[in-house]
Amino acid sequence: MKLCDKSVTELHDMLINRKCSAKELLTDVTERAKSIQSALNCYITFNEKASEEAEEADRRLAAGDKVTMLTGIPVAVKDNISTKGLKTTCASRMLENYIPPYDATVIEKLKSAGAIISGKTNMDEFAMGSASDTGIFGAVGNPVESGFSAGGSSGGSAAAVASGAAVIALGSDTGGSVRQPASFCGVVGFCPSYGAVSRYGLIAFASSLDRIGSLGRNVTDAFLLHNIINGADSKDVTTIRKNFSFNPSKSLNGVKIGIPNEIFNAFISEEVSECINNSLNILKKHGAQLVEVSLPSVKEAVKAYYIISSAEASSNLARYDGVRYGHRCKVSSTLADFYKKSRSEGFGLEVKRRIMLGTFVLSEGYSDSYYKRAVALRNKIYQEYDNAFQCCDIIASPVYPQTCISFDEPQQFTDRYMSDIFTVPSNLAGLPAISIPCGKSRSGMPVGMQLIGNRFEDSRVFETAYGFELYGGAFCGY
Amino acid sequence: MEINIKHIAELAMLEINDDEANMIAEEMLEMIDMVSDLPELYDESCMSCEMELREDKAAVCEQSSEDLLNNAVETYKNCFTVPRTVEH
C-alpha cells in the first residue's frame, strides 16, 4: 500500500517514528493526484508552496516540537474556501483569477496544526449543483468509473480522497454537497451542526445553510479533520462554543436508530434500498434498536430548500459586480450596464437560474407566497426532527435515491433538484449528518448510508458511524 | 402564471436577450411549479441561534490597501475604478 492510501492514524505514527517524512508523503500524494488528473479532474490548482510546508512539518517533527495528528498530512481544500495567496475560484469565471488576501479560519487552523494544503479541488460553480459538472474547469469523474459523476458539489474533494490524491479533504455542504459525493465515491463525508465550524472565509452560497465538512477514507480520519477545524470564532457570530469528543469505544448497544416512514416510502432505487436495509440489519444485529419515527413534512423539504437557498444566494452573489474583484466586462455604457454585463459574463447557467429564482421569491407580491411560507415550513421541519429525537438517538436514511449520476444520461434539472430529498432536510434544521459507505451496486458503484443526529450531537453521529464501520461500512479502495 | 423575466433580470442585475428570456421563462416556470404548492403555514419566527456579537468598534484591518486592490482588474491612484456615473 502506498503512503497516499494510508489513514491519518497510520501516517501520523509513521511520521512520528520517522518511518517516512512529510515530504515523501506529499510527493506520493501529488504524484497520484497528477497521474489521475486527466481522468478524474479532481483539482483546479495544486499548491506550489506545499513542499515548503512539508519541509517545515519535517523540521517540527525532527525537533520534537509539539505536533498534532494532522502535522505533515496533505489536505485537499474545496475551491470555495479562501486560501491566502492561492487562487480560490469557486469553479466560476467570475472568480477565475481571484487570489484571496486572507485565509479562512479553517485554513488558519489547519496551518497551525501543521497540515499541508495539497491544492484546491474542483466543484460545481459556487457550490450550486449535485454532480460537480456546472463549473468552468470541467466535470469531476468518479474514481470507480470516470464516466459517472463523483457527485457534487464537493466532487473534487471526495474523488481526491477516494483515489489517494489526498489523504483527507475539506468540502462544503449546503444541501448535501459533502455527503452525496462521499456516498458516490465510497468515502466518509461529515456535515457538522450549523455553527460547529466557522464559515469565515467560506465563499457564501446560502448563509443559513452552509457548513464546512470533512471527508476521509474512514470515520476516524473524518473526525480528526473535524476536530481541528471546529470551534467558536469571533469572525463568525453563528459559531458556538462547544468541544466535540469522540469515544470510539462506545458500542452500538442500545442506540436507538430512527427510521422515518416518509423517507423510506419515497422513491429509492432497488440497489440503494438493498444496501440500506442490509446496513440497518447490521446495526440491529450489533445491539442497535430500530424505531419508527415520523417526519411528516420531510418530503416538502426540497421545495423549502430551493426557495430559501436561492433567495440567500441571490443576496450573497449580489456582491459580484466586477468593481473590487472578480470578472469585469470590457465594454459597457452605464454603471448599471457594467454591472449586468460583468455578472452575466461571469456567472454560468446554473448560478443564473438560482439567482433568478431567488430574486423572484423575494420580489414584491411573491415573497409572502414563497419565501415566508418556505421559512415557516423550515420551522415545522425543525420541530418535527426535535419531536423525532425524543424517541431516538440517530436517524438513518439513504443519501441519494440512485447509486450514481451518469454523464451520458442528461437529466432534467428539476429532477436533479428533487433528488436532494434525503440530504436537504437536515441542512434546513441545522443538524449534523454523516455519509458512510454501506455497500455497492451490482456494477460496483459505492452506496452510502446517512446517519443524522440532533443539533450539536456531532459526537454521537461520529460514534454511531464508527460502530457501524467496525461491522459493515468501510472504504474498500479501487 | 406569467413571470416578467426582464423585470426579474433587472432586479438581479443580469443581462438577458430575447432568446434567452424565452428559455429562462420556461425554466423559471418549471422551477416555480416544483416549489409551489407549499403548505399553508405562516410561522415566521426564526429558529433559535444564539450569537455572541462582537463589540461595535471598528476593527483594524489585517490586510493592506495593496492587498485589497490586488484583485481589481483596474485601479487608479489607490482607488477602484468604475464607469463614469456623473454627467458633466
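Each chain gets a letter, A, B and so on, in the order its sequence line appears, and its residues count up from 1.
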### Query
Run the side chain to side chain contact (heavy atoms under 4.5 Å, CB included) check on B:Leu11 and A:Ser363 step by step: do they pass?
CA-CA 9 Å; B:Leu11 290 175; A:Ser363 63; 4.2 Å; yes

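- Contact annotation for B:Ile24: only side-chain heavy atoms (C-beta onward) come within less than 4.5 Å of a heavy atom of chain A.
- Among B:Asn70, B:Asp33, B:Ile32, the residue with the largest count of heavy-atom pairs under 4.5 Å with chain A is B:Ile32.
- With a 4.5 angstrom heavy-atom cutoff, A:Tyr366 touches chain B only via side-chain atoms.
- Between the side chain of A:Arg343 and the main chain of B:Met13, a donor-acceptor pair closer than 3.5 Å is present.
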Acceptor/donor pairs from residues 73-82 of chain B side chains to any protein atom, 3.5 angstrom cut, sequence neighbours excluded:
from, atom 1, to, atom 2, distance (Å)
B:Thr81, OG1, A:Arg328, NH1, 3.2
B:Thr81, OG1, B:Glu74, O, 3.4

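- Neither the backbone nor the side chain of A:Leu317 comes within contact range of chain B; no heavy atoms are under 4.5 Å apart.
- With a 4.5 Å cut-off on non-hydrogen atoms, B:Met31 touches chain A through its backbone and its side chain both.
- Two residues are said to be in side-chain contact when any heavy atoms from C-beta on lie closer than 4.5 Å; B:Leu38 and A:Glu300 fail this criterion.
- Note that the CZ atom of A:Phe338 and the CZ atom of B:Arg84 stand 15.0 Å from one another [nearest 0.5 Å].
- Looking at A:Asp337, only its side chain comes within 4.5 Å of chain B, counting heavy atoms on both sides.
- Here A:Met356 contributes atom CE and B:Ile3 contributes atom CD1; the two are 8.5 Å apart, rounded to the nearest 0.5 Å.
- Other residues, nucleotides and ligands contribute only 12 or fewer heavy atoms inside 6.0 Å of the CZ atom of A:Arg93.
- Atom NZ of residue A:Lys352 and atom CD of residue B:Glu15 lie 9.0 Å apart, to the nearest 0.5 angstrom.
- Side-chain contact between B:Leu69 and A:Arg324: absent, with no pair of heavy atoms (C-beta onward) separated by less than 4.5 Å.
- Counting heavy-atom pairs closer than 4.5 Å to chain B, the top-ranked of the candidates A:Tyr370, A:Tyr417, A:Tyr339 is A:Tyr370.
- Applying the side-chain contact (heavy atoms from CB on, under 4.5 Å) criterion to B:Ser64, with sequence neighbours excluded, gives B:Glu66, B:Asp67.
- Within a 6.0 Å radius of CD in B:Glu30, more than 12 heavy atoms belonging to other residues, nucleotides or ligands are found.
- Heavy-atom pairs under 4.5 Å with chain B were tallied for A:Ile307, A:Leu95, A:Ile355; the largest tally goes to A:Ile307.
- Ionic pairing of A:Lys340 and B:Glu10 is present here: one or more N-O contacts between side-chain nitrogen and carboxylate oxygen are shorter than 4.0 angstrom.
- In this structure, A:Lys84 places its NZ atom where only 12 or fewer heavy-atom neighbours from other residues, nucleotides or ligands lie under 6.0 Å away.
- Rounding to the nearest 0.5 Å places OG1 of A:Thr414 at 12.0 Å from CG of B:Leu29.
- At least one side-chain heavy atom of B:Leu68 sits under 4.5 Å from a side-chain heavy atom of A:Pro101.
- Residue B:Glu27 holds its CD atom at 11.0 Å from CG of A:Leu357, rounded to the nearest 0.5 Å.
- Residue A:Glu345: no heavy atom, backbone or side chain, is found under 4.5 Å from chain B.
- Interface remark: B:Ile5 contributes backbone and side-chain atoms alike to the contact with chain A (heavy atom separation under 4.5 Å).
- The shortest distance between side-chain heavy atoms of A:Tyr102 and B:Gln63 falls below 4.5 Å.
- Residue contact with chain B, scored on non-hydrogen atoms closer than 4.5 Å, involves the side chain of A:Ser332 exclusively.
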